[in-house]
Amino acid sequence: MKRFGVVLLLLLFSFSLAFGQNEKDTPDTVKVGAYVVSVHDIDIHDKEYTMRFWLWMLHSNTEFDFPYQTEVPNAKSFEKPDMMTDTIMGKIWCLMKMKATMKESWSVGDYPFDEQLLLVRVENTVFDKNKLIFKADTLGSNFDTLLTVDGWVIKDFAVTTGTSVYPTAFGDPSFKEQKSEYSHFDIRMTLERDAWGLFFKLF
């Protein structure tokens, strides 16, 4: 009977260790959303445009420091964000005002009846997908009702999440292979050229 008790204690201890390890290895979920304020300076020749938008994160991990860890990898440049942080219902809420100059490969084969997909990708520079997973705030994300893009009509808007895969460990010796995976959050806006407006301007 004593032996049975010892075995049972060992099993319970092993289970608690395994459960604790699995719980520790579970990535933290960050709810992220965006509100687009403006899209301007669309330049087909230089393959760029500028977007201003609000970006927010809702999470529980105090190690996350999004004002300093946020990156827009497909941007030519983006300004250091103005930010506000607060605690709401036990969660850390971070709100950042972003301005990014984006690089874009425009598809103009159907000009002047072309459509263009604007894609802004957001990642965390420190924590990979084993530590952080983005979840899109689809209900709160939108664009300003007063937003107009000169010469274009906003046809579609969406926010999505996914995983970016890089063929490198960025020098981290703990990685077993030269591959890194990071969760990303995407702002997707489809613009349709106002062909008739352009026609009347030309003629």
Side-chain angles (χ1 to χ4, degrees), residues 29-59 66-67 69-79 81-84 93-125 129 132-166 181-203:
T29 299
V30 177
K31 193 172 185 179
V32 54
Y35 184 78
V36 178
V37 178
S38 70
V39 176
H40 52 92
D41 296 338
I42 295 178
D43 193 319
I44 301 296
H45 181 266
D46 289 336
K47 300 181 179 180
E48 66 179 28
Y49 66 93
T50 299
M51 180 181 287
R52 293 193 303 114
F53 57 98
W54 289 98
L55 183 73
W56 59 87
M57 316 278 187
L58 193 65
H59 62 94
F66 286 104
Q69 297 169 354
T70 297
E71 180 184 28
V72 184
N74 62 329
K76 282 189 174 182
S77 63
F78 71 98
E79 298 179 0
D82 296 326
M83 62 92 178
M84 296 180 289
W93 173 61
C94 177
L95 179 63
M96 297 179 287
K97 190 176 183 180
M98 310 282 290
K99 180 181 179 182
T101 300
M102 306 300 302
K103 53 186 176 183
E104 189 64 62
S105 296
W106 307 106
S107 177
V108 293
D110 295 326
Y111 178 86
F113 301 99
D114 52 318
E115 295 182 0
Q116 306 294 341
L117 172 63
L118 308 186
L119 171 64
V120 177
R121 176 157 294 175
V122 176
E123 293 180 7
N124 185 286
T125 58
K129 73 168 191 175
L132 184 156
I133 294 292
F134 284 132
K135 179 182 179 181
D137 182 357
T138 55
L139 183 63
S141 298
N142 211 329
F143 60 90
D144 196 294
T145 54
L146 298 178
L147 172 60
T148 58
V149 185
D150 189 31
W152 300 85
V153 176
I154 301 173
K155 184 178 180 181
D156 191 32
F157 176 86
V159 291
T160 60
T161 59
T163 301
S164 299
V165 181
Y166 298 97
E181 296 181 318
Y182 289 82
S183 182
H184 66 240
F185 169 77
D186 290 346
I187 304 169
R188 296 173 173 267
M189 179 179 285
T190 302
L191 300 183
E192 182 179 53
R193 193 186 296 272
D194 184 5
W196 290 112
L198 177 63
F199 176 84
F200 288 118
K201 281 184 179 180
L202 292 175
F203 299 99

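We use all heavy atoms of the structure for the numbers below, so side chains are in, but hydrogens, waters and symmetry mates are not. All residue numbers refer to positions in the sequence shown, counting from 1.
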> State, yes or no, whether a side-chain contact exists between K103 and K47 at a heavy-atom distance under 4.5 Å.
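SC-SC contact between K103 and K47 ruled out.
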> Against V122, only a single residue in T161, L55, V32 fulfils side chain to side chain contact (heavy atoms under 4.5 Å, CB included); can you say which?
L55
> Could you pull out the closest heavy-atom pair between W56 and G140, with the gap in Å?
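Between these two residues, the closest heavy atoms are CH2-O, 3.5 Å.
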> Are F143 and I187 close enough, and set up right, to give a side-chain contact (heavy atoms from CB on, under 4.5 Å), and what steps lead you there?
CA-CA 10 Å; F143 60 90; I187 304 169; over 6 Å; no
> Let me see the working for M57 and T70 under side-chain contact (heavy atoms from CB on, under 4.5 Å), right down to the final yes or no.
CA-CA 11 Å; M57 316 278 187; T70 297; 4.1 Å; yes
> Listed by chain and number, what are the side-chain contact (heavy atoms from CB on, under 4.5 Å) partners of L119, not counting sequence neighbours?
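L119 satisfies side-chain contact (heavy atoms from CB on, under 4.5 Å) with N74, R121, D186, R188 once adjacent residues are dropped.
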> Only one of E181, K129, E123 forms a side-chain hydrogen bond (donor to acceptor under 3.5 Å, both in side chains) with S164, so which one is it?
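For S164, the side-chain hydrogen bond (donor to acceptor under 3.5 Å, both in side chains) test succeeds with only one of E181, K129, E123, which is E123.
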> Quick one: are L147 and V37 in side-chain contact, heavy atoms under 4.5 Å?
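A side-chain contact is absent here, since even the closest heavy-atom pair is not under 4.5 Å.
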> So which heavy atom on P81 is nearest to which on P67, and how close?
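In terms of heavy atoms, the two residues are closest at CG-O, 4.1 Å.
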> Hey, mind stepping through F66 and H59 against side-chain contact (heavy atoms from CB on, under 4.5 Å) and telling me if it holds?
CA-CA 10 Å; F66 286 104; H59 62 94; 3.5 Å; yes
> Go through the steps for V39 and M189 under the test side-chain contact (heavy atoms from CB on, under 4.5 Å), then give the verdict.
CA-CA 10 Å; V39 176; M189 179 179 285; 4.0 Å; yes
> For D43, which residues count as a side-chain contact (heavy atoms from CB on, under 4.5 Å) partner, sequence neighbours excluded?
H45, D46, E48
> Going from OG1 on T163 to CD1 on I133, what distance comes out if it is rounded to the nearest 0.5 angstrom?
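With rounding to 0.5 Å, OG1 (T163) is 6.0 Å from CD1 (I133).
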> List in chain and number order the residues that pass side-chain contact (heavy atoms from CB on, under 4.5 Å) with K97, two or more places apart in sequence or in another chain; answer none if no residue qualifies.
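If we apply the side-chain contact (heavy atoms from CB on, under 4.5 Å) test to K97, skipping adjacent residues, the hits are R52, W54, D82.
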> Is there a donor-acceptor pair under 3.5 Å between the side chain of T190 and the backbone N or O of K155?
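Absent.
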> Side-chain contact, heavy-atom cut-off 4.5 Å: Y35 with N142?
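A side-chain contact exists here, since the closest heavy-atom pair is under 4.5 Å.
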> Let me confirm one number: the NZ-CE distance from K99 to M51, rounded to the nearest 0.5 Å.
13.5 Å
> Who pairs with T125 by side-chain contact (heavy atoms from CB on, under 4.5 Å), at least two apart in sequence or on another chain?
Q69, E71
> Apply ring pair (Phe, Tyr, Trp, His ring centres under 6.0 Å) to F78 and list each qualifying residue two or more places apart in sequence or on a separate chain.
none
> Is the number of heavy atoms from other residues, nucleotides or ligands within 6.0 Å of NZ (K135) greater than 12?
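No.
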> Hey, are the side chains of F157 and V36 touching, using non-hydrogen atoms and a 4.5 Å cut-off?
yes
> Do the non-hydrogen side-chain atoms of I42 and L191 ever get within less than 4.5 Å of each other?
yes
> Just how far is it from atom CG of D194 to atom CG of D150, taken to the nearest 0.5 Å?
9.0 Å
> Can you tell if the side chain of M98 reaches within under 4.5 Å of the side chain of V120, non-hydrogen atoms only?
no
> Restricting to ring pair (Phe, Tyr, Trp, His ring centres under 6.0 Å), what partner residues turn up for F185, sequence neighbours left out?
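Residues passing ring pair (Phe, Tyr, Trp, His ring centres under 6.0 Å) with F185: none at all.
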